[in-house]
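If you're wondering where the values come from, they're calculated on a predicted model, not measured in any experiment.
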Amino acid sequence: QVQLVESGGGLVQAGGSLELSCATSGDTTCISTMSWHRQAPGKERELVATIHRGGSKYYSDSVRGRFTISNDNAKNTVFLLMNSLKAEDTAVYYCNTANPSPFGPDSRQYCDKFDYWGQGTQVTVSS
């Protein structure tokens with residue numbers, strides 16, 4: 001089992017910045033990729049950014065150039081630095097790790113499929 005705990009959400013004015021953190025605990029042996037998703041009221045959950053342990057990153061078009069995903073492998077923690085925030089960034093942000101990940105399945109055959117989520121943290125951007 002893996003536990004994910006997000007922190008860092010809050011209320012910020014448009015144009016401001018916030019940094020989210022996601023701490024991972026439990027059996028992290030097969031975790032190679034971490035992602036941030038978000039869900040705005042009345043909308044489906046969407047993938048925001050993904051990072052592989054080796055450094056590869058993916059960003060959705062809506063956040064590319066404004067958000068930065070990073071990780072501290074030693075501490076099993078992933079971060080999402082959000083700059084130039086807009087009202088449309090308002091959502092609950094979720095940390096996620098899964099196999100297969102957005103980058104595809106883990107090549108290690110002993111790693112089974114999994115899909116773990118944090119409880120979410122609210123980000124509200126006032127215009």
Side-chain angles (χ1 to χ4, degrees):
Q1 282 287 338
V2 172
Q3 294 78 44
L4 307 175
V5 179
E6 303 101 334
S7 60
L11 174 64
V12 63
Q13 289 188 334
S17 299
L18 276 177
E19 184 172 50
L20 307 181
S21 300
C22 175
T24 305
S25 61
D27 185 0
T28 60
T29 303
C30 287
I31 294 178
S32 59
T33 303
M34 299 291 297
S35 299
W36 287 98
H37 299 246
R38 67 185 181 187
Q39 187 166 20
K43 295 187 177 181
E44 293 188 354
R45 191 173 296 188
E46 64 170 339
L47 175 64
V48 174
T50 300
I51 185 167
H52 187 274
R53 181 176 291 269
S56 297
K57 300 178 183 180
Y58 162 84
Y59 296 98
S60 68
D61 289 342
S62 60
V63 306
R64 188 176 295 114
R66 299 187 298 121
F67 290 11
T68 302
I69 190 170
S70 61
N71 59 2
D72 183 335
N73 289 330
K75 296 182 179 180
N76 292 315
T77 301
V78 63
F79 306 93
L80 186 67
L81 176 60
M82 305 182 294
N83 293 323
S84 302
L85 283 162
K86 306 175 182 179
E88 50 263 44
D89 294 318
T90 294
V92 178
Y93 284 71
Y94 297 91
C95 181
N96 166 255
T97 183
N99 180 30
S101 77
F103 288 125
D106 196 302
S107 61
R108 294 169 291 181
Q109 294 185 357
Y110 57 83
C111 291
D112 294 330
K113 291 183 178 180
F114 60 85
D115 191 8
Y116 296 111
W117 293 85
Q119 81 285 354
T121 185
Q122 176 71 47
V123 172
T124 302
V125 183
S126 62
S127 57

Problem - Interatomic spacing from OH in Tyr116 to CE in Met34 - rounded to 0.5 Å - result: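 Atom-to-atom, Tyr116:OH and Met34:CE are 12.0 Å apart.
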
Problem - Spacing of CG belonging to Asp72 relative to CZ belonging to Phe79, to within rounding of 0.5 Å - result: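 It is 5.5 Å, given to the nearest 0.5 Å.
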
Handout entry: Linked, directly or transitively: Leu20 and Val2 (ILVMFWY side chains, under 4.5 Å)
Key =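 Leu20 clusters together with Val2.
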
Which atoms form the tightest heavy-atom contact between [X] and [Y], and what is the distance?
X	Y	value
Ser84	Arg66	O-NH1, 2.9 Å
Asp115	Ala98	OD1-CB, 3.6 Å
Phe114	Cys30	CZ-O, 3.5 Å
Ser60	Leu47	CB-O, 3.5 Å
Ile69	Tyr59	N-OH, 2.9 Å

Problem - Under 3.5 Å donor-acceptor, Asn99 side chain and Asp112 backbone - result: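 Looks like yes, one N/O pair under 3.5 Å.
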
Exercise for the section: Might you work through the side-chain contact (heavy atoms from CB on, under 4.5 Å) test for Glu6 and Gln119, ending with a clear yes or no? Expected result: CA-CA 7 Å; Glu6 303 101 334; Gln119 81 285 354; 2.8 Å; yes

Exercise for the section: Taking the side chain as every heavy atom from C-beta outward, state whether Gln3 and Gln1 have any atom pair closer than 4.5 Å. Expected result: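 Yes - at least one pair of side-chain heavy atoms lies under 4.5 Å apart.
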
Handout entry: Validation row: Asn71, His52 side chains within 4.5 angstrom (heavy atoms)
Key =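 The answer is no; the side chains never approach within 4.5 Å.
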
Problem - For Arg64, side chain to side chain donor-acceptor pair (under 3.5 Å) partners two or more places apart - result: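 Arg64 satisfies side chain to side chain donor-acceptor pair (under 3.5 Å) with Asp61 once adjacent residues are dropped.
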
Problem - Passing option when Val78 is tested against Ser35, Cys22, Ser70 for side-chain contact (heavy atoms from CB on, under 4.5 Å) - result: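 The single option meeting the side-chain contact (heavy atoms from CB on, under 4.5 Å) with Val78 is Cys22.
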
Handout entry: Ring geometry between Tyr93 and Phe67 (parallel below 30°, tilted from 30 to 60°, perpendicular above 60°)
Key =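 Tilted.
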
